[in-house]
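To start, the structure itself, in structure tokens.
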Amino acid sequence: MTARERNSALIEAIIADGTLTDAALVDAFRSVPRHLFIPEHGALAANGSALDASGNPDRWLAAVYADDAIVTRVEGPEVAARHGDGRGPATSCSSAPTVLARMLELAGLANGQRVLEVGTGTGWNTALLAHRLGDGAVTSLEIDERLLGAARGALHDAGLSPDTRLADGYGGYAEAAPFDRIVSACGVRRVPGAWLEQLTDDGLVVCPWGLLESAGVLMRLERTETVAGTSGARAVGRFHGGVGFVPLRTPYTSPRPARDAGQQPDEYRLTQVDPVAPMLAFASAFAVSVMVPDWRMRRRWIGTGSGMWLCDVRGDSWVRVYPYGTSWMIEQGGPRSIWDEVEEALATWSDLGKPGPDQFGLVVGADGGQRVWLDTPDGRSWPTGST
């Protein structure tokens with residue numbers, strides 16, 4: 001199949017499943033093919049294998065038009081060493097086409113709107129926005145100079161020229177504010193205050209949100225001037241289905257890897273019930289991420305099989321879980337008993353009827369505090385933590 005044929009087949013599939021409905025967005029997806037924005041060398045397919053357009057063009061094209069994310073940049077070897085494996089975390093990717101379609105549909109784009117995109121990345125989403133709204137309506141920010149240079153080249157080759165800037169998207173872009181929409185394919189743990197300050201009164205933020213990278217959701221956040229019954233809040237939004245994401249990068253921070261630093265545990269516990277399964281199932285993992293503050297998780301292979309590590313954001317408290325014969329061993333140490341908090345959260349989630357992520361949302365208070373709510377903005381809620 002040619003690139004044109006593959007692009008057409010992909011779009012038809014996204015339309016058929018009901019994800020892509022806006023006729024103007026359909027036209028944008030048809031007119032801006034993904035392969036123009038994927039590096040011919042150095043990208044990684046969804047399964048982690050390297051893609052090379054010159055060595056295996058058919059495989060490269062098949063990966064480009066699969067409905068999967070493609071990693072286009074990973075951290076260097078120094079970060080990989082901190083994570084204890086041969087490859088650092090992904091810092092840029094081309095989002096799966098269905099994810100971009102969901103995000104742009106949620107944004108409710110209309111002629112005359114001005115959009116700020118945070119994270120130019122490959123430039124494909126930038127191109128879709130520019131085709132939909134016009135070059136002059138789109139400002140896109142990218143923190144990585146090398147990525148921005150490649151994206152600008154791809155946009156030029158596609159005949160598009162939105163305003164692209166080398167900048168830290170966490171602070172928005174006050175010089176061109178206000179914006180009707182702020183769209184980011186990068187995930188956030190807390191919505192930056194600058195984004196809300198740079199919205200019009202009826203503006204929206206659409207982006208991935210998640211306290212745990214394996215349990216992210218798409219969020220549509222509205223200024224409260226347009227939301228009834230939300231006095232005392234700056235913004236309110238609802239979550240819309242699961243999504244994987246690359247965290248928003250800033251020049252100042254790098255997440256700590258989850259680890260136990262080889263410490264001896266304060267407590268040992270054996271259990272016959274698989275403790276890993278609920279941490280990998282999306283709905284339960286999302287609930288735990290909301291109800292237990294300030295922690296991280298990582299899968300890890302050890303001598304007895306596949307286990308996991310948890311730790312708090314400071315690294316002072318930790319949990320190590322691994323197979324032990326026909327049972328599971330849970331070890332924890334530090335001032336917080338994180339695993340006790342996890343078990344309590346899972347019990348609470350079960351008592352609440354095991355609500356799915358779509359039943360939750362976010363409220364940003366007038367004081368900047370952020371809380372996740374269940375069912376309604378004034379219902380039961382949990383603070384998002386300090387990070």
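Atoms CG and OG1, from L155 and T122 in turn, are 8.5 Å apart once rounded to the nearest 0.5 Å. In this structure, S54 OG and E40 CD are separated by 7.5 Å, a value rounded to the nearest 0.5 Å. For the atom pair I70 CD1 and S95 OG, the distance stands at 10.5 Å (nearest 0.5 Å). For the atom pair S184 OG and M103 CE, the distance stands at 7.0 Å (nearest 0.5 Å). With rounding to the nearest 0.5 angstrom, the CG atom of D180 is 10.5 Å from the CG atom of D201.
Under the 4.5 Å side-chain contact rule for hydrophobic residues, L109 and L199 do not share a cluster. A chain of hydrophobic side-chain contacts below 4.5 Å, direct or via other Ile, Leu, Val, Met, Phe, Trp or Tyr residues, connects L133 to V26. There is no path of hydrophobic side-chain contacts, each under 4.5 Å, that joins L104 to M219. Residue L204 is not grouped with residue V183 when hydrophobic side chains (ILVMFWY) are merged at heavy-atom distances under 4.5 angstrom, including chains of intermediate members. Tracing side-chain contacts under 4.5 Å through hydrophobic residues (I, L, V, M, F, W, Y), one never reaches V363 starting from L106; they form parts of separate clusters.
Of the possible donor and acceptor atoms, one in the side chain of E105 sits under 3.5 Å from a partner among the backbone N and O of D22. Side-chain atoms of Q113 do not come within 3.5 Å of backbone N or O of G203 as any donor-acceptor pair. Under a 3.5 Å cut-off, the side chain of T72 and the backbone N or O of A43 do not form any donor-acceptor pair. Remark: the backbone N or O of L374 is not paired with any side-chain donor or acceptor of R380 at under 3.5 angstrom. With R114 contributing its side chain and A176 its backbone, the two residues share a donor-acceptor pair below 3.5 Å. Side-chain atoms of Q370 do not come within 3.5 Å of backbone N or O of L362 as any donor-acceptor pair. Put simply, the side chain of R336 never gets that close to the backbone of D312: no donor and acceptor are under 3.5 Å apart. Between the side chain of R223 and the backbone N or O of L196, at least one donor-acceptor pair lies under 3.5 Å. Although no hydrogens or angles enter the test, the distance criterion places no donor-acceptor pair under 3.5 Å between the side chain of R238 and the main chain of R220. Looking at Q359, its side chain does come within 3.5 Å of a backbone N or O of G356 through a donor-acceptor pair.
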Next item on the list: Decide side chain to side chain contact (heavy atoms under 4.5 Å, CB included) for V276 and V321; before the verdict, give the C-alpha distance in whole Å, the side-chain angles of both, and the deciding distance to 0.1 Å.
Entry: CA-CA 8 Å; V276 175; V321 180; 4.1 Å; yes
Check: Taking it one step at a time, do M308 and L280 satisfy side chain to side chain contact (heavy atoms under 4.5 Å, CB included)?
Finding: CA-CA 10 Å; M308 64 184 180; L280 300 182; 5.7 Å; no
Next item on the list: Output, in order, the C-alpha distance, side-chain angles, deciding distance and verdict of side chain to side chain contact (heavy atoms under 4.5 Å, CB included) for R320 and R300.
Entry: CA-CA 9 Å; R320 186 165 51 214; R300 178 158 177 86; over 6 Å; no
Next item on the list: With side chain to side chain contact (heavy atoms under 4.5 Å, CB included) as the test, would you mind laying out the steps for E341 and V319 before giving the verdict?
Entry: CA-CA 11 Å; E341 297 178 36; V319 179; over 6 Å; no
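A heavy-atom distance below 4.5 Å is not found between the side chains of T120 and L147. Between L148 and T164 there is a side-chain heavy-atom pair separated by less than 4.5 Å. Looking only at side-chain heavy atoms (C-beta outward), M279 and L310 come within less than 4.5 Å of each other. At least one side-chain heavy atom of L25 sits under 4.5 Å from a side-chain heavy atom of R132. Side-chain contact check for Y65 versus N7: some heavy-atom pair is nearer than 4.5 Å. W209 has its side chain within reach of L211: a pair of non-hydrogen atoms, C-beta onward, lies under 4.5 Å apart. Side-chain atoms of W295 and V288, non-hydrogen and from C-beta on, do get closer than 4.5 Å to each other. Taking 4.5 Å as the limit, some side-chain heavy atom of P97 sits within range of a side-chain heavy atom of I14.
R165 is linked by a salt bridge (charged side-chain N to carboxylate O under 4.0 Å, His left out) to D163, counting only residues two or more places apart in sequence or in another chain.
Contact record, D202 with R181: O-NH1, 3.8 Å, taken as the closest heavy-atom pair. The two residues A69 and C93 come nearest to each other via the heavy atoms CB-SG, 4.4 Å. The two residues D68 and A46 come nearest to each other via the heavy atoms CB-CB, 3.8 Å. Across all their heavy atoms, F37 and A158 have their closest contact at CZ-CB, 4.0 Å. The shortest non-hydrogen separation linking C186 to C207 is O-CB, 4.1 Å. Of all heavy-atom pairs spanning G171 and A194, the tightest one is O-CB, 3.5 Å.
Under the 6.0 Å cut-off for aromatic ring centres, F29 and W124 qualify, their centroids lying closer than that.
No more than 12 heavy atoms of other residues, nucleotides or ligands sit less than 6.0 Å from atom NE2 of H156. The number of heavy-atom neighbours closer than 6.0 Å to CZ of R30, taken from other residues, nucleotides and ligands shown, is above 12. E344 CD: 12 or fewer foreign heavy atoms inside a 6.0 Å radius. Surrounding CD of E175 are more than 12 heavy atoms belonging to other residues, nucleotides or ligands, all under 6.0 Å away.
A tilted orientation is assigned to the rings of W382 and F360, their planes being inclined by 30° to 60°. In this pair, F286 and F282 present their aromatic rings tilted. The plane angle is within the 30 to 60° band.
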